[in-house]
Amino acid sequence: MSGKRFGHLKTLFREDGYKIRQPLIEVLGQKRVLIENYNCVLDYQPSRVEVKVCYGSICICGRDLILRYMSCERLVVFGCIDSVLLYGGRD
Amino acid sequence: MNHSFAKIQLEMFSTDIPGVLRLLKHNEITIYDVERLDELTMVLTVSRQDYKRLQGMKKINQSIKVRGLTGVHWYLKSVMKRPVLVFCVLVLLIATAILPTRILFVQVSGNETLPQNYILEQVNNCGIGFGVSRRAIRSEQIKNDLIERIPGIKWAAVTTSGCVATIHVEEGSSVQPKEQDLRPGNIVAAQDSVVQEVNVTKGSPVCKPGDAVIRGQVLISGYTDCGRSILVTRAQGEVYGRTLRSVCMIAPKPTEQLLSQNAQKTRFSLLVGKKLIKLYKDSGISHSTCVKIYSYHSVDLPGGYSLPITLVKETVIPRETISDIGPGGQDWLADSARGYVTGQMLAGSILDEHISIQETDEAYCLEGTYDCREMIGLFNSEEILKGDGQSDGTGS
């Protein structure tokens, strides 16, 4: 559903035409975080999940975190989520 | 969908869990319910297809262990190892799907004089039988067919409930009499007698009380002279007369008679097809001679369909030999003679009797004369001649 709604945001193009896959983060209450267009998982612990995206990384902090679903495009984290932090490494 | 169809839960050991996750993502393997147990161990679930790809990855293959199989696929695979169960389930499913659409039993309601088997036979000829589709039954068409086939009914309907079709019939107010009942004829004397009473309901009496008649003589005529024409009818009435019957009976002295009911033995057995399965151990007959009475009880389903199983009840009555029947036997002989005479009459009773019993070395001989009052009128239908003068052979 979110993929359809925000589909136009998924893929952007830079000025030189390079294709950038922008991440889409969807937070549902304190229980579920969905990230689309991620690059890879940098760290995975019950209290912290860090995911690399095109501009940097996204850190999900909380308790009893589990990776509910992980495919090449989408990742779903379940658990008691305290914070979602965005770290920008580049534009 | 595929994920829930066949899932495999894996336990994975690695010093670099995020590295393993990156590798899985790089190989486009979708994983579910990833739970990290400790620093080196995590549990995850993959689909069956992805598990095959995991086995092909050398870096991961050595560090995974299957924890469990869940999903419909694995359940069906385990069930398929039991062919008898699969066969029974398939038969049950097919029966559940097909049987409610078929008629298995036919019942008849509302009939009073018409026999049920006759109606069922006609209903079967109309197309309603075992295994007929419920949708193929057209109540209006069946009603018309039944009314045409069975003259005795004036209305019929078919209702179906599950596998049972019920034929509701309403019989006509007056059932057409048989053709034989309409034939003209006379009432004649069944045997020689003296007429005592004449009751005529149709026809003309040709005898009166006190007349002596011989066998075959007309008592009530079906032909009535109306002057210009003769009215031909079927004579009806009752004629009673006094008759004399003679009987001679011989009973041997040494005879066999059945023992009392206390000595009877009842045994049961099952007749399945042509095979008789005895439900008792041995013959259990202690007497040299006996009488066996078999009664068969077939297992019937509603609608008259019989199962190939019959319960056979066997009653064994021992017999014993008596050297002399004695005075009681003479009474039995007289009663037997009286019963024989009564059975020979159409209707009536014995007014007086004269019997004499002679005893020889081996038998008793009864000679009796019975004065009876009995019905002597017997209907005799006339032969109907066709145009060429030949009889239709219906005369009696």
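Within every chain, numbering begins at 1; the chains are lettered A, B, ... in the order of the sequence lines, protein sequences first and strands thereafter.
- The environment of B:Y75 atom OH is sparse: at most 12 non-hydrogen atoms of other residues, nucleotides or ligands sit within 6.0 angstrom.
- For B:L21, the parts lying near chain A are the backbone and the side chain together; criterion is any non-hydrogen pair under 4.5 Å.
- For B:R82, the CZ atom is loosely surrounded, since the number of other residues' heavy atoms within 6.0 Å does not exceed 12.
- No donor-acceptor pair under 3.5 Å is formed between the side chain of B:K25 and the backbone N or O of A:E73.
- No part of B:L44 comes within reach of chain A, as not one of its non-hydrogen atoms sits under 4.5 angstrom from that chain.
- A distance of 13.0 Å separates CE of B:M42 from CD of A:Q45, quoted to the nearest 0.5 Å.
- When every heavy atom of B:E28 is checked against every heavy atom of A:C72, the shortest pair comes out as CG-CB, 3.9 Å.
- For chain B, the nearby parts of A:Y38 are the backbone and the side chain; heavy atoms of each come within less than 4.5 Å.
- Taking both residues in full, the closest heavy atoms of A:Y44 and B:V34 are given as OH-O, 2.6 Å, listed atom of the first, atom of the second, then distance.
- When all heavy atoms of B:L24 and A:M70 are compared, the closest pair comes out as CB-CE, 4.4 Å.
- Using a 4.5 Å heavy-atom threshold, the side chains of A:D43 and B:P18 count as touching.
- In terms of heavy-atom pairs under 4.5 angstrom with chain B, the leader among A:D64, A:L42, A:V76 is A:L42.
- With rounding to the nearest 0.5 Å, the separation of CG in B:D33 from CZ in A:F78 is 9.5 Å.
- Within the 3.5 Å criterion, the main-chain N or O of A:P46 finds no donor-acceptor partner in the side chain of B:R36.
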